[in-house]
K.L.:
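Would you mind keeping the following structure in view while I ask a few things?
FYI, side chains are in, hydrogens and waters are out, and symmetry mates aren't considered; it's all heavy atoms of this structure. Naming: A, B, ... by sequence-line order, numbering from 1 per chain.
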Amino acid sequence: MALTDRLTDGVRTALAQAGLSPADACVWEVPRQAGHGDYATSVAMQLARAAKKPPRQIAEAIVRHFPPMPEVERLEIAGPGFLNVFLSPAWVAGTLRDVLEAGEAYGRGSAEAGRRIRLEFVSANPTGPLVIVNARAAAVGDSLARLLRAQGGHVTPEYYVNDAGTQFEALARSFEARVRQALGEDAPLPENGYPGEYLSELALAYRTDGGPAPDEVPAPARLEHFGRYAVAEMVNAQRRILADYGVTFDAWTSEQHDVRDKGLVEAVLDDLGRRGLTYEQDGALWFRSTQFGDDKDRVVRRSNGELTYFGVDIANHHHVKFGSAERVIDLIGPDHHGYVERLRAAMQALGHPTEAFEVLIIQLVTLLRDGQPVRMSKRRGEFVLMDELLEEVGKDAARFTFLTRRHDSPLDFDLAVATRRSADNPVYYVQYAHARIASIRRQLTEQGIGVPPWSAIDLGVLTLPEEQQLIKRLLGYPEMVAGAARALEPHRVAFWLSEVAGLFHPYYKAHRVIQDDRALMLARFALCAAIGQVVRNGLDLLGVSAPETM
RNA sequence: GCGCCCGUAGCUCAGUCGGAUAGAGCAUCGGACUUCUAAUCCGAGGGUCGCAGGUUCGAUUCCUGCCGGGCGCACCA
């Protein structure tokens, strides 16, 4: 049972013994100030009104009747009626054994046990290379997948390939033009085409592979031919970069093959139509999204007969996503946030619980170098690509930096800072803690010092304030992970790790592990091993490596 | 005009479910390697939590209004 649950039980028992009415909720928080104990609750203040007694008097009754517990050293009443709990140092030290024995499983929970979760992120159009904001979405999405898995969820990371519709056609025509140019023809790029150099390079590769010239492909099949080739190559390139970044997807959903070709759009539109939730106007088919809180009704099939992106996406969400999961999470860019409401309306109309469908907005990234903005203009081809970012700053620094901000706040990414190997860069600060611990382990081995099983080490000698503080911090790790998963906020893990490293480095500097006092040495090594384990577990949730040496 | 997000130290940002004296890193200034890795550590200064009301024992946190910034308001995706 969790410590706070035990404390709550103690409070309930004490209230009953004192003849006071029970508290419906007892919230424990970790006070900011050490003098206020390890845990505090304001339950006495909240009960004061109903009990018609001063809060301090209620608190005193709780203290008087609180059952003895090995975890608790003493209770204090403070301020207007706070109840402060001071943990027993011996019990605190003993918890280290639980951490070490749990190993890589330490921090896992069961909040999502058995639940199937569909998590879509990145999903860049297959019309160009991945750029820096895609790297942010990939870092956040992948970390979320890891967090939700750590809570027992069956997570399917999904990449939706937008290989149909107007953008697909623009890509197909642009690519065809580039192939013609590669053959020496004077072929202009179509209007609204994609001017990037990458399509010219792809055209050369296409010819090298022996792909047929445009005029050798029958006109009716030409668009499809060049479009499919370009999409396949673009998606492959995206997949490779993401794999280098440590991000893999279990589902690559094709708009054309997995949604449109399977008749799912007609099915879902018929479904909505039978419920009277669609209507024809001006030759187009509309969905009554206003009935579910949207500002206006939305077109699902245009008057020219073509489906809108929205129309297809309803089918995608209803049949593909919810067809295989109880919970659906989408990560999107801020430019699409106006789109969320209508999709939410559609999911509601189709009977999905509102809390089962969540959309996270991943804010934009402003790229800086030494504080100066790096211009990103697709038109002039100056935009910074994801592979260039990875080459310059590396996977670990990039991922960690993206995860030191809330996903919904815009981020300034300074290339110069992220490249710097110093404390400006919290990723190295955290990794260095892990490397230093690994170094201690190596030193022990080199000096022929054997370490007995954890159960044989007396941890009670870890009485320094720094040691107690570190252990208590490790004790809070599972709760932090559970909170990050619940709130879908992986940045909490990154901050937590920085804080633990910030406790470890001063401790390392001030107190030697390897020393003549064998009992103390072993206990301190156990503490370091536990810190190393938890840091490794936390970094793994971020997809960042935990190096043995640096 | 309407909607969403954001205003916290010089800068970049945390701040749990409403708690006690508001936090970190960077930057600035001053120090520390004979010792398990100096990618480290020790110390100092730095605040009207955008503004004004409201709710309450208590508000950076919740509500309303205003000011300032970003984004979105298509038979585009």
K.L.:
Between S289(A) (side chain only) and R342(A) (backbone N and O only), is there a donor and an acceptor less than 3.5 Å apart?
P.N.:
no
K.L.:
OP1 or OP2 of G15(B) sitting under 4.0 Å from any side-chain N/O of H491(A)?
P.N.:
yes
K.L.:
What's the closest nucleotide to the side chain of H337(A) if the choices are C75(B), C71(B), C41(B)?
P.N.:
C71(B)
K.L.:
Where does RNA chain B form stems of at least three consecutive Watson-Crick or G-U wobble pairs, each pair having both distances below 3.5 Å?
P.N.:
B:1-7 with B:67-73, B:10-13 with B:23-26, B:28-32 with B:40-44, B:50-54 with B:62-66
K.L.:
Verify, without hydrogens or angle tests, whether Y508(A) (side chain) and V513(A) (backbone) share a donor-acceptor contact under 3.5 angstrom.
P.N.:
no
K.L.:
Base, sugar-phosphate or nothing for T549(A)? Non-hydrogen atoms, less than 4.0 Å.
P.N.:
base
K.L.:
So if I take every side-chain heavy atom of A284(A) and compare against C6(B), C75(B), C36(B), which nucleotide ends up nearest?
P.N.:
C75(B)
K.L.:
I want to check one thing: is the phosphate of A77(B), taken as OP1 and OP2, less than 4.0 Å away from some side-chain N or O of R302(A)?
P.N.:
yes
K.L.:
Check every atom of G19(B), C75(B), A39(B) against the side chain of W286(A) and return the nucleotide holding the closest atom.
P.N.:
C75(B)
K.L.:
I'd like to check the side-chain contact (heavy atoms from CB on, under 4.5 Å) partners of R173(A); sequence neighbours left out, ordered by chain and number.
P.N.:
E169(A), P190(A), L223(A)
K.L.:
At under 4.0 Å between heavy atoms, which parts of nucleotides 8-13 of chain B does protein reach? Answer with one letter per nucleotide, 5' to 3': B base, S sugar-phosphate only, - none.
P.N.:
----SS
K.L.:
Can you tell me the distance, in whole Å, between the CZ atom of R342(A) and the P atom of C4(B)?
P.N.:
16 Å
K.L.:
Taking the side chain of R512(A) as heavy atoms from C-beta outward, which of C75(B), U35(B), C6(B) is closest to it?
P.N.:
U35(B)
K.L.:
With the side chain of T166(A) defined as its heavy atoms from C-beta on, choose the nearest nucleotide among C76(B), G19(B), G3(B).
P.N.:
C76(B)
K.L.:
A38(B), A20(B), C6(B): which one has an atom nearest the side-chain heavy atoms of Y508(A)?
P.N.:
A38(B)
K.L.:
Roughly how many Å is it from CE in M550(A) to C1' in C36(B), rounded to a whole number?
P.N.:
17 Å
K.L.:
How long is the line joining CG of L285(A) and P of A74(B), in whole Å?
P.N.:
19 Å
K.L.:
Does the plane of the ring in H491(A) sit parallel, tilted or perpendicular to the ring in F495(A)? Use 30° and 60° as the thresholds.
P.N.:
perpendicular
K.L.:
Among A20(B), U35(B), G19(B), find the nucleotide with the atom closest to the side chain of H36(A).
P.N.:
A20(B)
K.L.:
Rounded to whole angstrom units, what separation is found between the NE2 atom of H407(A) and the P atom of C5(B)?
P.N.:
12 Å
K.L.:
Less than 4.0 angstrom from a charged side-chain N to a carboxylate O is my criterion; do R228(A) and D163(A) meet it?
P.N.:
yes
K.L.:
Send over the distance from D335(A) CG to A74(B) C1', rounded to a whole Å.
P.N.:
15 Å
K.L.:
Mind calculating the distance between CD (E169(A)) and P (C76(B)) to the nearest angstrom?
P.N.:
12 Å
K.L.:
Provide, to the nearest angstrom, the distance between the NE2 atom belonging to H336(A) and the P atom belonging to C76(B).
P.N.:
14 Å
K.L.:
Show your reasoning for whether ring-ring contact (aromatic ring centres under 6.0 Å, His included) applies to Y194(A) and F175(A).
P.N.:
CA-CA 8 Å; Y194(A) 296 98; F175(A) 181 53; over 10 Å; no
